[in-house]
Number of protein chains: 2
Amino acid sequence: MANNARFAEVASLAGDPARAGMLHALMDGRALTASELARVAGITPQTASGHLARLATAGLLTVEKQGRHRYHRLASPSVAQMMESIMQVASGLEAMRPPPVTGPKDAALRAARTCYDHLAGHLGVSLADALVAGGHVELMQDAGVVTDAGVALFRRIGLDVASLSGKTARLFCRPCLDWSERRPHLAGAVGRALCAHSLEEGWIRRLEGTRAVAVTPKGHRVFREAIGVR
Amino acid sequence: MANNARFAEVASLAGDPARAGMLHALMDGRALTASELARVAGITPQTASGHLARLATAGLLTVEKQGRHRYHRLASPSVAQMMESIMQVASGLEAMRPPPVTGPKDAALRAARTCYDHLAGHLGVSLADALVAGGHVELMQDAGVVTDAGVALFRRIGLDVASLSGKTARLFCRPCLDWSERRPHLAGAVGRALCAHSLEEGWIRRLEGTRAVAVTPKGHRVFREAIGVR
DNA sequence: AAAATGCTTCGGCCAGGACCGAAGCATCCC
DNA sequence: GGGATGCTTCGGTCCTGGCCGAAGCATTTT
């Protein structure tokens, strides 16, 4: 079965610690240079170069040449979703394994981070909870929809979710199980839009070099007063 | 980052061709013995035993001892979903790679197969298409719902989907991109129920030793007349 | 031009792990 | 009991692939 070979190729590509580290670093959707990726993976540039070449020719990454830099990013959202689902399984094991070693950097990640294109961590889960509690979103295991009240709420904070909808009248969002909180948060078109909007409006901002984000004072206010978090 | 190690462990576990083959064989949700799995992977029982032990201690598989047989199955749906998402990425690459080598066995798989707990392949996609065309299901990229007309349709063929719904009034189903057809089919609670019901009613039956299924004459009739396939 | 920076290619080292044959336990059957 | 059958453990071979140092290109800077 030729398919099996491709499957194994992709999985083993993600299965090397150094490459996994680099892929993780790219999970926030940005493009990073080869040297930056070498640093986060803790390997020399030569070694990283080899890894990146393999990932690129396999189609997991796309490379953009710019001057003497080469910017790497995940080739598609489906790669990010694959990463998420592997994390999902990996964190599931964690439950019955040695205690979670939580460093200070880890704490920031747990508090709030981006999950490729949407918000995750404690912040992501809190937002989802508040939206569900307020009747703005209905979530189930496999899918979710934004209610009419939800559409109104999003418009109030300056986000026109109605324009995200395709031919259908309904507005869907995808629940995404959080590996640290073990509860669903908002992904899909709505989650992506909310995350992007929050960055634009300055409600959150990225922390240098990680996927972690910080909630600004303005963001605290909006999330609490408009959405009802906490 | 300790998480990274777990991630890499899981991915590399899936990244070995022999193990990938065994995991694939288990994607229909059934439990298989060690020797059966050794055969599908094309390796000796000793080698398979080692692989299975690793997969089990890592938590990807659960083992059930029964007499002198040991039955192995995927530990959880999240493992199946991980497999799906890796297949997704792997088949994405296929687009720009050598032509798909389609053997006769592959043809059966493309026609109709189970994807862990729901129907995929040409059959799965056709069913989804027909349900959407008939206004029984609304599908978008991230999620889908069964309409009132859909609930009635499912009841007509003896499937009480209303009982699947949790606390919410709505009935969700998850779209799952098909690796052979490149189009979405029905997964999630509704997809699972439809697949199980079809097996019970004898509309489809499993082909020995693979994930492929055959549509029976009775099944052809039901799918065509009640759901409007083809 | 010359030097610095970012990245890649080459060559060689080394460890992890995939594989099988043989042997050892269990369990079931006669 | 004796003999199949299913599975595992052990020991040993072999090869893939990850890693780095050194050298080689390409681009930008001085």
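Per chain, numbering begins at 1; letters A, B, ... match sequence-line order.
Taking atom CZ of B/Arg70 as the reference point, atom P of C/dT27 lies 10 Å away to the nearest angstrom. The nearest whole Å value for the distance from the NE2 atom in A/His69 to the C1' atom in C/dT8 is 16 Å. Summarising the geometry, the separation between CZ on A/Arg19 and P on D/dT16 is reported as 16 Å, rounded to the nearest angstrom.
Looking at A/Leu60, A/Val79, A/Leu61 one by one, the single match for side-chain contact (heavy atoms from CB on, under 4.5 Å) with A/Leu26 turns out to be A/Leu61.
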Under 3.5 Å, which protein N or O atoms sit close to an N or O of nucleotides 22-30 of chain D? Give each pair with its distance.
none

For A/His72 and A/Glu36, run side chain to side chain contact (heavy atoms under 4.5 Å, CB included): C-alpha distance rounded to whole Å, both residues' side-chain angles, the deciding distance at 0.1 Å, then the answer. CA-CA 10 Å; A/His72 301 259; A/Glu36 286 172 313; over 6 Å; no

Does the side chain to side chain contact (heavy atoms under 4.5 Å, CB included) test come out yes or no for B/Thr33 and B/Tyr71, once each step is laid out? CA-CA 5 Å; B/Thr33 66; B/Tyr71 286 93; 3.6 Å; yes

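Comparing A/Gly42 and B/Ala34 against DNA chain D, the residue whose closest nucleotide sits nearer the 5' end is B/Ala34.
The two residues A/His197 and A/Gly158 make their nearest non-hydrogen contact at CE1-O, 3.1 Å.
In this structure, A/His51 has no ring-ring contact (aromatic ring centres under 6.0 Å, His included) partners at least two apart in sequence or on a different chain. Applying the side chain to side chain donor-acceptor pair (under 3.5 Å) rule to B/Asp16 yields no partners; only residues at least two apart in sequence or on another chain are considered.
Nearest nucleotide to the side chain of A/Ser49, out of C/dC20, C/dT8, D/dG18: C/dT8. The side chain of B/His51 lies closest to C/dA18 when the candidates are D/dC20, C/dA18, D/dG6.
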